[in-house]
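Structure, as structure tokens:
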2 protein chains.
Amino acid sequence: MRERKKQATREALRTAALRLALERGPDNVRVDDIAEAAGVSPRTYNNYFSSREQAIVAAVTADRAAHLAATVAARPADVGLSDAVIDAVVGLYTSSDDHRRDALLMITSNPALRACYVDVVTTIEDPLADAIAERHPEIDLLTAHVLSACVGAAAKVALRQWLRSVSGPATPSGLVVPSGSLPDIIRAALTPLVPALDAAAGS
Amino acid sequence: MRERKKQATREALRTAALRLALERGPDNVRVDDIAEAAGVSPRTYNNYFSSREQAIVAAVTADRAAHLAATVAARPADVGLSDAVIDAVVGLYTSSDDHRRDALLMITSNPALRACYVDVVTTIEDPLADAIAERHPEIDLLTAHVLSACVGAAAKVALRQWLRSVSGPATPSGLVVPSGSLPDIIRAALTPLVPALDAAAGS
DNA sequence: GCGCAAAATTGCGTGCACGCAAAAATATGC
DNA sequence: GCATATTTTTGCGTGCACGCAATTTTGCGC
């Protein structure tokens, strides 16, 4: 029950943060405002989120980690590890919720929020490592963690690439901008990892 | 010449930060102290480093990126990409400079400095991507960036693992702690990436 | 040397993250 | 119900990162 209340506070902070940010614009929301809207002291806010942006982004990315782990575990055992992992990660970025639509637009329009959004990818790594280890007990734990970190790193590259293509019109870098949909870019970024994943899985 | 002066200031800040941190202990050094010791305003400090820890860590990790790129480029073309990359990264962590010895000890003893030290790995990624792209022009740029990010991610896992083994006596996690030397751990962490690197290089 | 444009430094103000210790809320045994 | 141990919240103080605009420094053509 203690745990219940904590999750409720978390949720309250997330939704309050997102609502205020959408109403006033992300730069016109102080952390004190969020705390007050959630009925909690400003200091408590930082017991739950360690930056002003985290709460806003968390409203959109909540329980990504659990979802990913479940998806990987749910794949039948006869599909390759690489397919299971790639499909699961792509699945995380294929939702087109309606009320998340404008939230994502706001996030992609704000540098600080963008950075935070990319950073959240990190949270999938540990659960993913566990999922890999459970699916393939023959893989040692260090390798599982390395592979998960690589998946996260590749996803980050894809996200940054996509963010550039939607927000940065000028393309000074020599990087080819396929300008495809986010799932396509993610899939492309994860493809170089297929040999590593399948080799570790022994197939 | 303008550039020269900037690098001089950077260097002054780095060395001042490291000296003060070694003298008084890292927690007893304010950013104002570093700035003053370097003969510069506190505000200017943050034009060069965006956190208090960065300057201290940078004193030990300066020009890692350039060194790595050069090492990769220097390998004869007939050694595989994976060997070239792995040897180069391992080389970054095989120096046992004398005056860096105690600096590293201080860094590994302080949580904030540890985190910053791990984060510096990120700085090798872009130069590494360039080096890979130059060595293998047939690899497209997205893949080069993904591979570099993966190398960085694996190195981070290795570093964290090693830091745990030197600073955290209790091993609550189920992770096998080989307790080997840092180069050994790095090599082990990069090994799962060999298939991906060699596949991308076409060999 | 002289003046001018570009770039770097500086001071100031603001909001923020977090350590610490007191206070409030919650669970546990009797 | 009551006392007590544990956890969570809160207030306060401190140091810090950074936007902004003014000021100083640097580079360059003459």
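Just so we're on the same page: letters track the sequence lines, and every chain starts at 1.
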In this structure, how many angstroms lie between the [atom2] atom of [N] and the [atom1] atom of [X], rounded?
| X | N | atom1 | atom2 | answer |
| --- | --- | --- | --- | --- |
| A:R2 | C:dA27 | CZ | P | 6 Å |
| B:Q7 | C:dA8 | CD | C1' | 14 Å |
| B:Y45 | C:dG11 | OH | C1' | 19 Å |
| A:R43 | C:dA23 | CZ | P | 17 Å |
| B:E3 | C:dA7 | CD | C1' | 11 Å |
| B:K6 | C:dT10 | NZ | C1' | 15 Å |

Closer than 4.0 angstrom, basic N to acidic O: yes or no for A:D87 and A:R187? yes
Presence of salt bridge, A:R24 and A:D33, under 4.0 angstrom: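 Between A:R24 and A:D33 there is a salt bridge, with a charged N closer than 4.0 Å to a carboxylate O.
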OP1, OP2 of C:dT26 versus side-chain N and O of A:K5: anything below 4.0 Å?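 Answer yes for this pair, as a side-chain N or O of A:K5 is under 4.0 Å from OP1 or OP2.
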Please classify the nucleic acid contact of B:Y48 as base, sugar-phosphate, or nothing, using heavy-atom distances under 4.0 Å.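 Here B:Y48 touches the backbone only, sparing every base.
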Go through DNA chain D in 5' to 3' direction and return only the first and the last nucleotide with some atom under 4.0 Å of chain A's heavy atoms. D:dT6 to D:dC12
Would you say the side-chain atoms of A:S165 and A:Q161 include a donor-acceptor pair closer than 3.5 Å?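 On atom types as modelled, these side chains do not qualify, holding no pair under 3.5 Å.
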Is any side-chain heavy atom of A:N46 closer than 4.5 Å to a side-chain heavy atom of A:R43? yes
Cation-pi geometry met for B:R14 and B:Y48 (6.0 Å, 45°):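 No, B:R14 does not sit over the ring of B:Y48.
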Within 6.0 angstrom of B:E134 CD, more than 12 heavy atoms from elsewhere: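 Count not over threshold, so no.
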